[in-house]
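In each ligand, atom 1 is the first atom listed, and ligand 1 is the first ligand listed.
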Amino acid sequence: MSTNINKIAVLTSGGDSPGMNAAIRAVVRTCAYHNVNCLGVYRGYQGMIEGDFKEMGPRSVNNIINKGGTILKSARSKDFMTAEGRKKAYNHLKKANVDALVVIGGDGSFTGAEIFNKEFNFPVIGIPGTIDNDIFGTSHTLGYDTALNTVVDVIDKIRDTASSHNRLFFVEVMGRDAGHIALNTGIGAGAEEILIPEEDLGLDRLLESLKRSKESGKSSSIVVVSEGDKTGKNVFELKDYVEEHMPEYDVRVSVLGHMQRGGAPSCFDRVLASRLGVKAVEALLEGKSNFMAGILSDKIVLTPLEQAIKGHFEIDKELIRVSDIMST
Ligand code: F6P
C-alpha cells in the first residue's frame, strides 16, 4: 500500500445514524493496523472549519461498537457551503498534517466532500451513513437496518392497542424523499396500506382499500406513511380526510420521529460499518479518491461519489405488489 498517506481524518456529518460509531471505530483501527495516524473531527464539516480535532488511537474507540449516535457529533454546516469556509477547513487539515479524509454521512455530506476534493485535490472517501437508504451504489446505508427493526418493533406495539380498540392508525415514518423505510417496515409490520413518495396511490385508492378491509372483516388497520409521501396531505390531514369520508373508522396518528435514528445498531449495521471502514481506509492507502464505499450483493464496492450523489437507490416495485397481496 502507498506510503504517501500518513494521517487520515474521519468525521460524521448530516443526520446521525446507528452504526456511525462502529464505522469510526473501523476507520481508526484500520489506520492503526496500517501504521497510519488518525484524527477525529468533531461536529462534521463545522469542526473542520474550526479545527476541532482529536488524535485517535485504537484504544480511543473502545466500547463504542454498540452505541447509537456518533461520539464525534454531527452537524449540517452552512459555512462549509461557502468557498471561504472550505478554505479555512483545508488550512486546518494541512496544519494538522492530514493527508486524506473519510466522510461518514449522506448525500449532502458527499456533495460537500466532492466539492472539497475538486477545489483542493484532497483525497476523500465516503461511507454512507443515513437511515434513509437513499444513496446510489449501496443496497444498504449504515443505520437503515437498525431503523427498520426499531420501526417494526414500535408498530408491533401500536398494533396491540389498535386491535384492542378496533382503530385505524396512521404511522408516519422518516425517509425524507425516499420510501424505503415505509415500504419495508409496512410489509414487515403487516400494514394495510403503505404511502411512499415514489408511488402516489391517490386518496381514492386509500379509501377503497380501507373499505375493502372493513368489508373483509378486519377490525383494526395500520397505514404506514412515509414523511415525503405525495398525497398532498400530512398524517393529521389524512386522519381528518378518512374520518370525514368513513365515519365508521376511529382513527389515531402516531409520528415516530427521531426515535427512529437512535438506539444500538443491529448486528448487520455493525458488520457493515466494520467492512466499510476497512475499505475506506485501504482505498485511500491504495491512492484512490472521490469514491464511496458501499455494499452490493454482499460485496463491498466503490462507486464514484458523483454517481452516488446523483443516482438514487430505486424502490423495488415487486415489494409494492407483495404488500398489495398481503393486505388481501
Ligand atoms: O436524513 C435522515 C433524516 O432522519 C430524514 O429521514 C429526516 O427527513 C431528516 O433526517 C430529519 O432531519 P433533522 O434531524 O435535521 O430534523
Side-chain angles (χ1 to χ4, degrees), residues 11-23 42-47 67-70 72-81 103-113 126-155 170-186 188-189 194-198 224-236 253-266 269 272-273 276 292 294 305 308-315:
L11 61 80
T12 48
S13 164
D16 63 303
S17 67
M20 279 187 164
N21 278 328
Y42 284 106
R43 295 177 291 119
Y45 293 124
Q46 196 57 37
K67 299 251 176 354
T70 157
L72 288 177
K73 313 227 178 259
S74 193
R76 303 189 202 273
S77 172
K78 289 218 165 53
D79 294 341
F80 198 71
M81 291 177 187
V103 172
I104 307 169
D107 54 358
S109 311
F110 291 168
T111 303
I127 292 180
T130 164
I131 62 166
D132 299 343
N133 210 38
D134 58 349
I135 296 184
F136 179 82
T138 190
S139 61
H140 291 75
T141 54
L142 276 185
Y144 171 59
D145 181 68
T146 305
L148 292 184
N149 287 306
T150 303
V151 171
V152 162
D153 198 36
V154 174
I155 299 181
F170 283 103
V171 181
E172 186 193 275
V173 299
M174 277 188 169
R176 207 181 286 271
D177 302 319
H180 297 285
I181 295 179
L183 187 53
N184 284 275
T185 59
I194 305 169
L195 306 182
I196 55 174
E198 293 83 350
V224 176
V225 185
S226 183
E227 63 175 334
D229 95 289
K230 297 281 190 290
T231 52
K233 292 191 186 296
N234 66 36
V235 265
F236 297 99
V253 169
S254 196
V255 178
L256 302 193
H258 286 77
M259 55 96 69
Q260 295 164 90
R261 289 226 301 248
S266 64
D269 275 327
L272 180 62
L276 295 178
M292 177 195 79
L305 269 186
I309 297 160
K310 287 202 180 127
H312 270 290
F313 179 56
E314 299 292 336
I315 284 291

Under 3.5 Å, is there a donor-acceptor pair linking the side chains of [X] and [Y]?
X	Y	value
T231	D229	yes
T70	D16	no
D269	T146	yes
Y144	N184	yes

Which of the listed options, E227, R76, M174, holds the heavy atom that is closest to atom 8 (O) of ligand 1?
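The residue whose heavy atom sits nearest atom 8 (O) of ligand 1 is E227.
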
Could you tell me the residue and atom name of the protein heavy atom closest to [atom], and the distance to it rounded to 0.1 Å?
atom	result
atom 16 (O) of ligand 1	H258 NE2, 3.3 Å
atom 9 (C) of ligand 1	R176 NH2, 3.5 Å
atom 1 (O) of ligand 1	D132 OD2, 2.7 Å

Taking N or O atoms only and a 3.5 Å limit, does G15 qualify as a polar contact for ligand 1?
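Between G15 and ligand 1, no N or O pair is found under 3.5 Å apart.
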
With a 4.0 Å cut-off, would you call D134 and R176 a salt bridge?
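No, D134 and R176 are not salt-bridged.
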
Contact with ligand 1 for G106, non-hydrogen, under 4.0 angstrom:
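Heavy atoms of G106 never come under 4.0 Å of ligand 1.
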
Here the gap from L142 atom CG to I104 atom CD1, rounded to the nearest 0.5 Å, amounts to 7.5 Å

Residue part near ligand 1, for R261, under 4.0 Å between non-hydrogen atoms
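For R261, only side-chain atoms sit under 4.0 Å from ligand 1.
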
